[in-house]
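Have a look at the structure below, then the notes.
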Amino acid sequence: MKKLLILLVVLVFVACNQKEVKKGSSEISKTEKEGFKFGTWITSKKGKSDEEYRQEFKKYKAGGIDEILINTNTDPKELARLTPIAKNEGLNVHAWIMTMNRPGDKVALQHPEWYMVSKDGKSCFDTRPYVEYYQWLCPTREASRNHILGLVEELAKIEDIKSVHLDYIRFPDIFLPIGLLPKYNLVQDTEMAEYDFCYCEECIKAFEKIHHKNPLKSKNTSIDMEWKNFRLNAIQSVVNDANKIVKKYNKKLTAAVFPYPEMADHMVRQRWDKWNIDEVYPMIYHGFYNEEIDWIGYATKQGVKDVKAKNIAINTGIYIPDFKSIDEFKQAIMFAEKNGANGVTFFDGPTLTKEYLRAIKETKAIINK
Ligand SMILES: [Zn+2]
């Protein structure tokens with residue numbers, strides 16, 4: 001206990017110092033003025049009443065939560081129902097969308113050619129990598145990308161939402177997080193063809209037009225930088241177009257991303273430090289990578305440094321089920337704060353027990369002191 005107190009005192013001291021440096025700096029980011037914010041991701045449930053949501057939102061607000069990111073399965077009506085309820089309880093709302101991975105998308109399912117194709121020629125339409133809900137759409141094909149951007153636009157139109165929040169804005173995992181491999185009984189020492197996407201004819205055609213070569217004829221695609229970069233750019237292009245769309249409605253663009261840019265690039269072909277975006281929510285889930293609590297600070301700092309020049313705010317994503325104690329949880333929040341995060345966001349709402357909400361409130365009071 002004593003050790004923990006000392007640690008907390010040290011952390012608070014560092015946090016205060018950091019704040020003073022920030023205040024004295026001329027580079028105060030746009031969201032910093034709002035203070036360090038706390039959020040949580042939630043998924044809406046059909047049939048859950050307004051009153052039930054009011055109670056849930058009230059509970060979050062009382063525990064120190066400032067914003068919620070709601071996955072309504074891309075249903076604008078459901079989002080329009082929940083947003084005023086949340087707003088009344090003092091919570092900001094973000095419209096969370098599963099972007100490239102669109103499980104059960106009724107429109108997309110009518111177009112089998114829209115789906116990503118693996119290096120071994122199988123389409124996500126009927127051959128799903130890892131799990132049944134991995135149903136990824138091609139970011140290059142005009143029709144599939146327009147479908148996605150259309151969904152983004154429908155959400156952006158909803159009054160009072162703060163942002164459209166892109167999730168699964170990447171390729172399927174070419175490497176799974178190391179902590180998850182045993183669950184799938186997998187060893188991934190190299191890039192495996194069945195998890196390597198997208199080799200659909202549109203992607204091959206677009207790549208050949210620029211580079212005059214076919215990746216399917218490459219001796220080793222894992223060291224073909226043009227092919228890697230082509231895919232990074234394909235995702236970046238969807239993000240940048242989504243950004244233009246949401247700005248028409250005076251909304252922000254945000255995204256849930258992998259822990260820090262180099263890691264995201266390596267694991268899922270996602271290079272978020274290059275995007276036109278307002279804020280990112282890196283999922284710094286220590287348990288997925290068999291890491292310790294201080295790694296949350298390390299990964300936060302990596303991202304903060306990389307996007308500083310672009311004035312993109314970082315909200316550290318924290319995965320509740322992986323904590324062994326409330327003390328660890330409090331330390332994680334402080335590690336994010338002292339390493340320059342704009343806030344922390346928890347996955348997910350239903351896992352925030354009374355104990356966690358109390359801990360959030362206590363930590364918030366320390367940070368805001
Ligand atoms: Zn493709």
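Order of listing sets the numbers, starting from 1, for every ligand and every atom in it.
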Near Lys122 NZ, under 6.0 Å, is it more than 12 heavy atoms from other residues, nucleotides or ligands?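 No, not enclosed.
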Are His266 and Phe175, when compared by the centres of their aromatic rings, separated by less than 6.0 Å?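 Yes - the distance between ring centres of His266 and Phe175 falls below the 6.0 Å cut-off.
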The single option from Cys138, Cys124, Ser123, Cys203 that satisfies side chain to side chain contact (heavy atoms under 4.5 Å, CB included) with Val117 is Ser123
Geometric class of the Phe347/Trp96 ring pair [parallel <30°, tilted 30-60°, perpendicular >60°]: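 Judged by the thresholds at 30° and 60°, the geometry between Trp96 and Phe347 is perpendicular.
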May I ask you to list the protein N, O or S atoms found at less than 2.8 Å from the Zn ion (ligand 1)?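 Checking every protein N, O and S atom gives Cys138 SG, Cys198 SG, Cys200 SG, Cys203 SG.
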Taking Glu208 first and then Lys205, would you say they form a salt bridge - that is, a charged N and a carboxylate O separated by under 4.0 Å? no
When you check the side-chain N and O atoms of His147 and Asp105, is any donor under 3.5 Å from an acceptor? yes
